[in-house]
Amino acid sequence: MDLIARLRAGLPGEAILTDPDVTGSYANDMASFCEAGTPAVVVLPRTVEQVQHIMRTATELRVPVVPQGARTGLSGAANASDGCIVLSLVKMDRIIEINPVDRIAVVEPGVINAVLSRAVNEHGLYYPPDPSSWEQCSIGGNIGTASGGLCCVKYGVTAEYVLGLDVVLADGRLLTCGRRTAKGVAGYDLTRLFVGSEGSLGIVVRAVLALKPEPPQQLALAAEFPSTAAACAAVCEIMSRGHAPALLELMDRTSIRAVNAMAQMGLPDSTEALLLAAFDTPEPAADLAAVGALCTAAGATEVVPAETAAESDLLLQARRLTLTALEQVKSATMIDDVCVPRSRLAEMLDGTAAIAEKYGLTIGVCAHAGDGNTHPTVCFDAADPDESRRARESFDDIMALGLQLGGTITGEHGVGVLKKEWLARELGPVGVELQRGIKEVFDPLGILNPGKLF
């Protein structure tokens, strides 16, 4: 019996896609410079039992399986390999439970981040992880890449909110790990191991997520600086003085000018860096005043605090428009994701500017400044081979700079295909050996998302 016939034995007909024109549309995520193969079939299960059937079939026939969510990833982690089963989890999109007493939500992997966030808000609760693609990205994908977001400086990343998981293993067995309780230290923390594993260890089919009480409405301020060094000095002062902003974002000159060109935001051309801070504390105005004073002392030329939520939204609009604006500079972009210690943030931004000049490219940087996570965005003409080459080389130089400054090659986007070589450099030979050993325990045949990470 061939692959398609085996799959049909345990799946409804509408869950199996074989038309090459259709399956080809599932070949890749949103990353540039990442190879993608041709899938043999795309399957869209709706139940745990159907996922188990798919994995048993894959194991019996030794067929690779590439798990996918909404495919908003930026590392090629969801890219198909030749002859694989693409296992799309978008149809498993139920919110199974929201429990205000235990402060948990139980969800399937296809639930969209924004849908969950709004659902828990109705119970006076809050799910903090908020990737920029939160209106499109799925919880399963967030777990697979250990994604972050704008509010991570105060609330942490996805890994802090995954309490328990149901995972279908490579051979079709169902593993339940973790807990529903606030505490739990029974055995090795397998739950945390799956978070950020990019579908290489198992298929997440259900997640128990921690929730928090919904915070007060936040207020924001914008501070303009004559240099990135001054803006980064303000960031260091804000954090060293013990402030806990819900958001602390930075835009460099290139990003500011791109947003100005697209949306006529009216930011002065002399602004070299824009720092945005927001607080959701009981007295946000007082916190903004204190942070505004620190910005002024660090050299800010103007500090504009909001007095209402509507004014805050206006101040934050420039940051939300950054990627869209940079996408209009050239026909293609590569979005990097290098995280450095906060104390080295100025060196990261100044070094990236030097790399842009070296390669004759436009590279705009926006950053989750509060946690040192920078997103240098390389703008280039994909139809120009030389410019594409320079874009890729500049991307590598940026990652090398991040490691040199004591950082990491990825803070929230993951490794996938794009950063495999750099993962090995960051981990070192002993680290790679141990991680490959873990992979072999969970996936001895190597059929789960092959070619990713290592």
Side-chain angles (χ1 to χ4, degrees), residues 72-75 113 117 127-134 137 142 145-161 196 215 218 220-223 225 228 231-240 243-256 259 273-280 291 295 312 315-326 333-352 363-377 398-399 401-402 405-414 419:
T72 58
L74 294 165
S75 69
N113 185 296
S117 294
Y127 181 67
D130 62 340
S132 296
S133 58
W134 77 305
C137 65
N142 295 169
T145 57
S147 59
L150 299 184
C151 71
C152 294
V153 60
K154 180 173 182 178
Y155 292 103
V157 296
T158 297
E160 274 76 56
Y161 295 88
Q218 67 180 21
L221 69 73
F225 288 88
T228 54
C232 293
V235 170
C236 292
E237 279 296 299
I238 291 166
M239 300 308 292
S240 67
H243 293 287
L247 174 152
L248 190 59
E249 298 287 303
L250 187 148
M251 296 168 59
D252 75 344
R253 172 185 58 191
T254 301
S255 298
I256 293 167
V259 170
L274 181 69
L275 187 64
L276 299 158
F279 286 85
D280 58 7
V291 165
C295 289
S312 293
L315 292 178
L316 296 176
Q317 186 179 8
R319 174 62 180 87
R320 294 192 184 103
L321 292 174
T322 301
L323 179 56
T324 303
L326 289 170
T333 57
M334 288 186 71
I335 306 171
D336 213 326
D337 172 39
V338 174
C339 191
V340 297
R342 297 184 194 100
S343 57
R344 312 299 296 273
L345 190 59
E347 294 169 83
M348 185 67 204
L349 267 69
D350 290 343
T352 299
I363 304 178
V365 183
C366 59
H368 307 313
D371 49 29
N373 194 176
T374 68
H375 292 307
T377 301
I398 290 167
M399 284 190 284
L401 173 63
L405 295 175
T408 175
I409 60 167
T410 176
E412 57 189 11
H413 291 172
K419 297 187 174 183

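When atom types are taken as modelled, the side chain of His375 and the backbone of Ala367 share no donor-acceptor pair closer than 3.5 angstrom. Asp337 contributes a side-chain N or O that, together with a main-chain N or O of Gly411, makes up a donor-acceptor pair within less than 3.5 Å. Formation of a donor-acceptor pair under 3.5 Å by the Asp252 side chain with backbone atoms of Val365 is found in this model. In this structure a side-chain-to-backbone donor-acceptor pair under 3.5 Å is missing from Thr408 to Cys339. Checking side-chain atoms of Ser312 against main-chain N and O of Ala220 turns up a donor-acceptor pair under 3.5 Å. Side-chain atoms of Arg342 do not come within 3.5 Å of backbone N or O of Ala369 as any donor-acceptor pair.
Closest non-hydrogen pair, Ala277 versus Val291, comes out as CB-CG1, 4.3 Å. The minimum heavy-atom distance linking Ala273 with Ala231 is given by the pair CB-CB, 3.7 Å. Contact detail for Glu412 and Gly148: the closest heavy-atom pair is OE1-CA, 3.1 Å. Counting all heavy atoms, side chain and backbone alike, Cys236 lies closest to Ser343 at SG-CA, 4.1 Å. Residue Val157 comes nearest to Cys152 through the heavy atom pair CG1-SG, 3.6 Å, listed as atom of the first residue, atom of the second, then distance. Looking at every heavy atom in both residues, Gly414 comes nearest to Ser75 through O-CB, 3.7 Å.
Put simply, the side chain of Leu275 reaches to within 4.5 Å of the side chain of Cys295, judged on heavy atoms. Put simply, the side chain of Leu247 does not reach to within 4.5 Å of the side chain of Arg319, judged on heavy atoms. By the 4.5 Å heavy-atom criterion applied to side chains, Leu405 and Val338 are not counted as neighbours. Side chains of Met239 and Leu248 form a contact here, defined as non-hydrogen atoms less than 4.5 Å apart. Residues His413 and Lys419 fail the side-chain proximity criterion, which asks for heavy atoms closer than 4.5 Å.
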Should Asp350 and Thr228 be marked as a side-chain hydrogen bond (donor to acceptor under 3.5 Å, both in side chains) after you check the CA-CA gap, both sets of side-chain angles, and the distance that decides it?
CA-CA 7 Å; Asp350 290 343; Thr228 54; 2.7 Å; yes

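Residue Leu315 holds its CG atom at 10.0 Å from CZ of Arg320, rounded to the nearest 0.5 Å. Between Ile398 atom CD1 and Ile363 atom CD1 the span is 4.5 Å, to the nearest 0.5 Å. Rounding to the nearest 0.5 Å places CG of Leu316 at 8.5 Å from CD of Glu249. A distance of 13.5 Å separates CZ of Arg344 from OG1 of Thr374, quoted to the nearest 0.5 Å. Separation of atoms CG (Leu274) and SG (Cys366) is listed at 11.5 Å; rounding is to 0.5 Å. To the nearest 0.5 Å, atoms CG (Leu345) and CG (Asn373) are separated by 10.0 Å.
Using modelled atom types and a 3.5 Å distance limit, the side chains of Asp280 and Tyr155 yield a donor-acceptor pair.
Between His243 and Phe279, the ring planes lie perpendicular to each other; the angle is over 60°, past the 30° to 60° tilted range.
Put simply, the residue from Thr72, Asn113, Asp130 that forms a side-chain hydrogen bond (donor to acceptor under 3.5 Å, both in side chains) with Asn142 is Asn113.
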